[in-house]
Each structure stands twice: as C-alpha cells, then as structure tokens.
Amino acid sequence: MFRLPKQFFLCLYLLMVLGMVSCGVKSHYYQKQVAIPDARWEYKFQPTFKIDIEDTSAKYEVTLLIRHDEGYPNSNIWFRLNVKEPGAKTFAKGKRIEKELADAEGKWMGTGMGDIWEQRIPLFSGEAPSFKKAGTYEIKMEQVMRNNPLWSVLNVGLRVEKK
C-alpha cells in the first residue's frame, strides 16, 4: 500500500490556509505613485492620476501615499486635489487638505527604512473626491505649502479601494 509523506499533508494544509487568508485580503482598485523630480516638489509640478470608475454605487476609500526622507522640513503637509470629472473640460479646484507626517514629539509616522519614510494616510469624506459619474476621473495633486520647492519629497501618489 502506498502512503503519502507527512510533508505532503503539511504543504497541502499550508496552501489551504494561505488560500483562505488571501480571500479576506482587500485588494486595491487603483494605485499609482509619481516620483518628484530631484526630491524638490515645485508648485508647478502637479502629478495627475487617471482613475476609471465603473461602479458608482460603491463606496471608495482614497489614501494619500507619500515617501519622504529625514530632511523633510515640516511635520505636516498641505495639498489640494483638483478633480476633472468624466465629460468635464476643466479641473474643479479642491479644498486645501492638511495631513500630519510626524507626531507631537517630532517622530515620523508611517514606516521607515534607513532615512526614507513611507506614509499611507486615509482621506476622509470632504477631502477625497466623490465618484458619482461612471468614467475616467483625472486628479491633479498640488502642493500648497509655504515652501517652494518643498524639499525631500521623493514620491506622492493615490490609492483607491472599494469598501
């Protein structure tokens, strides 16, 4: 009689657990990051993100992605998301949004490796664009800090997930 080795059952068990765990993981709908030239974010450099929305009945969670180094001169960032809806000719100017990048003691939030820090900061209702029409949305991200250029910003981006 042929017997399967114990390692076979162990591998099969691990694959089943991995399969069950991965089913519960929320996958992102859209994610893009744009490199900031020379890590100096100028007012005139406004990365644009094109997001195709098909399901207007769904709720979407929008997250700011930012990578900076230890030389970033502030504990926060002010930016604006200007949105062009499907069929629109121009961008609607968004409101100014402030997000903290460091805590009250000056410790960077997010995850760090060496002197590089990456932060994923949720945008809330009123900050994030609402997707009421099906089609392609264009979102321009504009830095509105007092510093121009804004030093030590390596990448900025957006992540959009269905809730």
Side-chain angles (χ1 to χ4, degrees), residues 24-163:
V25 174
K26 185 169 37 169
S27 66
H28 63 273
Y29 182 75
Y30 172 89
Q31 180 172 318
K32 182 179 178 186
Q33 292 191 58
V34 175
I36 303 298
D38 300 321
R40 295 176 26 203
W41 194 0
E42 304 258 355
Y43 289 147
K44 64 184 177 186
F45 183 74
Q46 298 179 10
T48 302
F49 307 92
K50 292 184 178 185
I51 304 169
D52 293 321
I53 299 294
E54 296 172 6
D55 185 0
T56 58
S57 65
K59 301 245 187 239
Y60 293 92
E61 184 176 291
V62 181
T63 304
L64 167 70
L65 308 172
I66 184 166
R67 287 181 62 229
H68 61 87
D69 65 28
E70 292 281 342
Y72 185 76
N74 306 301
S75 63
N76 66 343
I77 188 163
W78 284 90
F79 63 97
R80 181 173 290 151
L81 298 177
N82 302 317
V83 179
K84 184 173 15 169
E85 291 186 342
K89 301 280 186 221
T90 59
F91 283 87
K93 192 170 192 171
K95 71 177 198 173
R96 291 179 65 212
I97 302 168
E98 178 189 21
K99 292 296 177 181
E100 297 296 321
L101 302 179
D103 63 19
E105 287 83 41
K107 183 177 181 269
W108 296 118
M109 297 186 285
T111 57
M113 183 182 295
D115 66 344
I116 307 293
W117 290 88
E118 180 175 271
Q119 307 207 28
R120 295 172 182 229
I121 305 168
L123 301 180
F124 300 104
S125 172
E127 296 174 334
S130 59
F131 304 114
K132 295 180 180 172
K133 296 180 184 176
T136 301
Y137 286 77
E138 290 184 55
I139 302 172
K140 272 190 194 177
M141 188 180 295
E142 172 185 9
Q143 77 95 344
V144 291
M145 298 286 287
R146 290 187 180 127
N147 310 19
N148 187 42
L150 184 57
W151 293 90
S152 297
V153 178
L154 306 172
N155 300 78
V156 293
L158 290 178
R159 179 182 180 102
V160 178
E161 294 178 290
K162 280 188 180 181
K163 285 186 174 181

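Throughout, numbering of the chain's residues begins at 1 and tracks the sequence. Excluded from the calculations below are hydrogen atoms, water molecules and symmetry mates; all remaining heavy atoms, backbone and side chain alike, are included. What you are looking at is a predicted structure, and each value in this text was computed from that prediction instead of being measured.
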Steps toward side chain to side chain contact (heavy atoms under 4.5 Å, CB included) verdict (I121, L101): CA-CA 9 Å; I121 305 168; L101 302 179; 3.6 Å; yes
Y30/R159 under side chain to side chain contact (heavy atoms under 4.5 Å, CB included): CA gap, chis, key distance, verdict: CA-CA 6 Å; Y30 172 89; R159 179 182 180 102; over 6 Å; no
Candidate pair E118 and R120, rule salt bridge (charged side-chain N to carboxylate O under 4.0 Å, His left out), full reasoning: CA-CA 7 Å; E118 180 175 271; R120 295 172 182 229; 3.6 Å; yes
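When all heavy atoms of N82 and Q46 are compared, the closest pair comes out as ND2-OE1, 4.4 Å. The shortest non-hydrogen separation linking G71 to S152 is C-OG, 3.3 Å. Between N76 and M145 the shortest heavy-atom distance is O-CE, 3.6 Å. In plain terms, the two heavy atoms of D69 and W108 that are nearest each other are O-CZ2, 4.5 Å. Considering every non-hydrogen atom in both W117 and M109, the closest pair reads CE3-O, 3.7 Å.
Note that NZ of K162 and CG of D55 are 4.0 Å apart. Values are rounded to the nearest 0.5 Å. Atom CD of E70 and atom CD1 of I116 lie 8.5 Å apart (nearest 0.5 Å). Atom CG of N147 and atom CH2 of W41 lie 12.5 Å apart (nearest 0.5 Å). Separation of atoms OH (Y60) and OH (Y29) is listed at 4.5 Å; rounding is to 0.5 Å. Considering CD1 of I53 and NZ of K132, their distance stands at 13.5 Å, rounded to 0.5 Å. Once rounded to the nearest 0.5 Å, the distance linking CD1 of I66 with OH of Y72 reads 5.5 Å.
Annotation: side chain of L65 is not in contact with side chain of N155 (no heavy-atom distance under 4.5 Å). In this structure, the side chains of P129 and Y137 stay at 4.5 Å or more apart for every pair of heavy atoms. Between F79 and V156, every side-chain heavy-atom pair lies at or beyond the 4.5 Å cut-off. No side-chain heavy atom of L150 sits under 4.5 Å from any side-chain heavy atom of W78. Here the side chains of E127 and L81 are not in contact, with every heavy-atom distance at 4.5 Å or above. Between L64 and Q119, every side-chain heavy-atom pair lies at or beyond the 4.5 Å cut-off.
For the pair R40 and E42, the salt-bridge criterion is met [side-chain N within less than 4.0 Å of a carboxylate O]. Salt bridge status for K140 with E142: absent, with no side-chain N to carboxylate O gap under 4.0 Å.
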